[in-house]
There are 2 protein chains.
Amino acid sequence: MAVTISDVAHAAGVSKGAVSYALNNQPGVSDATRGRILQVAKELGWKPSLRAKALSSAKAYALGLVVARDPKLLGTDPFFPSFIAGIETTLAEHDYTLVLSVATAPGAEERAYRKLADGGRVDGVILTDVRHNDSRIGLLRELKLPAVTLNRPDADSPFPAVSMDDTDGITAAVEHLLALGHVRIGHVGGAPEYIHGRSRRQAWEAAMAAAGLAADLFAEADFTAAGGVAATAELLRRPDRPTAIVYANDLMATSGQSFVQAQGLSVPGDLSITGYDNAEFTQYLNPPLTTIATDPMRWGRVAAQALLDQLNGTHSGQDTELQAPSLLIRASTGPAPSATTKPVPQQSP
Amino acid sequence: MAVTISDVAHAAGVSKGAVSYALNNQPGVSDATRGRILQVAKELGWKPSLRAKALSSAKAYALGLVVARDPKLLGTDPFFPSFIAGIETTLAEHDYTLVLSVATAPGAEERAYRKLADGGRVDGVILTDVRHNDSRIGLLRELKLPAVTLNRPDADSPFPAVSMDDTDGITAAVEHLLALGHVRIGHVGGAPEYIHGRSRRQAWEAAMAAAGLAADLFAEADFTAAGGVAATAELLRRPDRPTAIVYANDLMATSGQSFVQAQGLSVPGDLSITGYDNAEFTQYLNPPLTTIATDPMRWGRVAAQALLDQLNGTHSGQDTELQAPSLLIRASTGPAPSATTKPVPQQSP
DNA sequence: TCACGCCACTGAACCGGTTCAGTAGGCTCT
DNA sequence: AGAGCCTACTGAACCGGTTCAGTGGCGTGA
């Protein structure tokens, strides 16, 4: 931080202003002078102070991301690392940085947003894990913090959204199971306070309806492993228990599969299973999990770009729709078992 | 950002300086005036501009973390989310924020550190995944960026370290296997360019030596799933193939276990397996994985505190040693098979 | 009662950039 | 040749804090 713009100006024999113009490619200096200034700046190893820039241009040169998930859950979710890597690829080209906040405790989330907004630490935030009637929309409005949401919130939101439709993936999963002869296809839903929990359920319901089937084999869970087990157990107790279950995420599918096998049932012999997310570890399960692969990296890249566009006023105002996720067929799905329902054994054989 | 310190000063009928003193609990104002200023500031809803603070006090009020891992790998590793959450709990009390950088492409890592240092975006960084002869030590020295390393680098490092010894965990795993009657205990090592890849290998070697056994069943890998499979295959081809394998991380253990089972061997019947990290999903494998549980959250908390201490000059200069990780015994380890070595089947039965 | 010291506060400089109003000098046009 | 205009640049204000030298008023001691 030793060499400042004044040093460069002095060394080049011009004023601070001229240096500023020269280095920001602004008119007001001749090409010859510009060249000389750039040359001198380079020789002196001048790096503009972001702090000074931030103060005078009233920008923070940083974007914020508040993650309000249990760290345990985060560690099993392939979404965030890739998503953040995607954000990073965009930011790398625009000298912006990412300020990350992990807020676990209740109330910590709102505090985190206030902290980012209050001192002007960030110019905008990316909203993930959007919830039903998400209170953060109002909060960000109050804080006057520009934002981009991942998927369009169900409440009224003034912020542009970058969406990736769950529908196609879930529909593909259901159709895949139908093609395998399944009729009793259940769904273990994610937490309904999240809009992606809801939309996946709705997609499953719609796909069932399209096939002329009742969407009654539903059990609500919360995206956690324990929730997946409980919901699976509930579905297996049904007299008309499913021959296939579409889970709202990989973690529930994984714990569900593990539970089902511990009950002495075979996957996919007795029960076919699909997940959602394509977590790296799912290909090493026994059997490897059929799941739905999204593209979080691209999502991050596009969301960051949308936010930057919004900040410098070049955003169209339109929502962006990303390519739909795709079904990845592995060995946890197979032909529907014969019509007679095998009872759930009490003990593993 | 509407209300500034001048507004407060004007409203309270004092000078900017007085307001600054009052709000930073510095001497120079009477208690009465201080109270009045605080009152007025509160009424006006004044929040100090971090940007201005950063410029005038020559601090960034931010810590940096550069993660140079493949996002795919990151998604399976429970370490970072918890670690970052730990950092966050410390930062929450000290109006500092965390600037995160994910650098995947080659060369991107150094660029990331330079980006953080150049504009003075952060006051210091936390170094994770320390490598053998880590070039970042020299880089940070050149950039004059304070740092804290996770574990002590093997090269000369001027930075305080916060360490969690791998040795005890690996030793416990080996001893657990010995107690189960295993003698041919192999190790699938992590990438040797990482010091935790090396130290885990050394710990395994030491534990074997302590039991009077040769540490020859070693296969080098790279912490990835594919690497785990290849190394496992290599060990299984040995004439004296192991009856137990200690893996350097969960992902390799997971893919290794999956591979072993696909070869028609039983876990733990034919081969016992241990992992490292205690990733959430490992308890849902079949069988659930015996692994070593660390405490990344605490690591993050302590590392952030150490860095903050260093920044305000209150750091002791001593390395911090965290509590050793503990062995979590699950079902992937069991009694050693009888002495006759079962051949590796060519096909699953 | 006067000198002295201290407390409480002010005013201004400063951090390192950006930006705007102002100006010198050269060129064109008539 | 003089008016007018544009280009290239300067100097200063400004962003919103921190910090330091300076000052006025009050209390204290001799």
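- In this structure, the nucleotide among C:dT19, D:dG16, D:dT18 sitting nearest to the side chain of B:Ser20 is D:dT18.
- Partners of B:Glu321 under the salt bridge (charged side-chain N to carboxylate O under 4.0 Å, His left out) rule, at least two apart in sequence or in another chain, do not exist in this structure.
- Looking at residues two or more places apart in sequence or on another chain, you find a salt bridge (charged side-chain N to carboxylate O under 4.0 Å, His left out) between B:Arg69 and B:Asp77, B:Asp129.
- For A:Thr33, a side-chain nitrogen or oxygen approaches OP1 or OP2 of D:dC9 to under 4.0 Å.
- Note on the helix from C:dT1-D:dA30 to C:dT30-D:dA1: angle between the axes of the first and last five pairs equals 50°, rounded to 10 degrees.
- Between A:Trp46 and C:dG16 there is no side-chain N or O to OP1 or OP2 distance below 4.0 Å.
- In terms of polar N and O atoms assigned as donor or acceptor, the side chain of B:Tyr21 never comes within less than 3.5 Å of the base of C:dC7 in a complementary pairing.
- Considering only the side chain of B:Leu55, D:dG16 comes nearest among C:dG17, C:dC9, D:dG16.
- Interface residues of residues 6-18 of chain A facing DNA chain C, ordered by number: A:Lys16, A:Gly17; criterion, heavy-atom separation under 4.0 Å.
- Checked against salt bridge (charged side-chain N to carboxylate O under 4.0 Å, His left out), A:Arg121 has no partners two or more places apart in sequence or in another chain.
- Residue B:Ser30 is classed as a sugar-phosphate contact, given heavy-atom separations below 4.0 Å to backbone atoms only.
- For A:His196 and A:Phe79, the distance between ring centers is not under 6.0 angstrom.
- Comparing atom distances between the A:Ala52 side chain and each of D:dT18, C:dG17, C:dT10 picks out C:dG17 as nearest.
- One finds no salt bridge joining B:Arg136 and B:Glu142 here, because no Lys/Arg side-chain nitrogen approaches an Asp/Glu carboxylate oxygen to under 4.0 Å.
- Checking B:Ser56 against A:Ser57, the closest nucleotide of DNA chain D that is more toward the 5' end is the one next to A:Ser57.
- Checking C:dG16, D:dT18, D:dC9 against the side-chain heavy atoms of A:Val29 singles out D:dC9 as nearest.
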* Any chance you could lay out the salt bridge (charged side-chain N to carboxylate O under 4.0 Å, His left out) test for A:Glu109 and A:Arg131, step after step, and finish with the verdict? => CA-CA 13 Å; A:Glu109 189 183 27; A:Arg131 297 186 286 265; 2.8 Å; yes
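- For the side-chain contact (heavy atoms from CB on, under 4.5 Å) test, residues two or more places apart in sequence or in another chain that qualify with A:His94 are A:Thr90, A:Tyr96, A:Gln305, A:Leu308.
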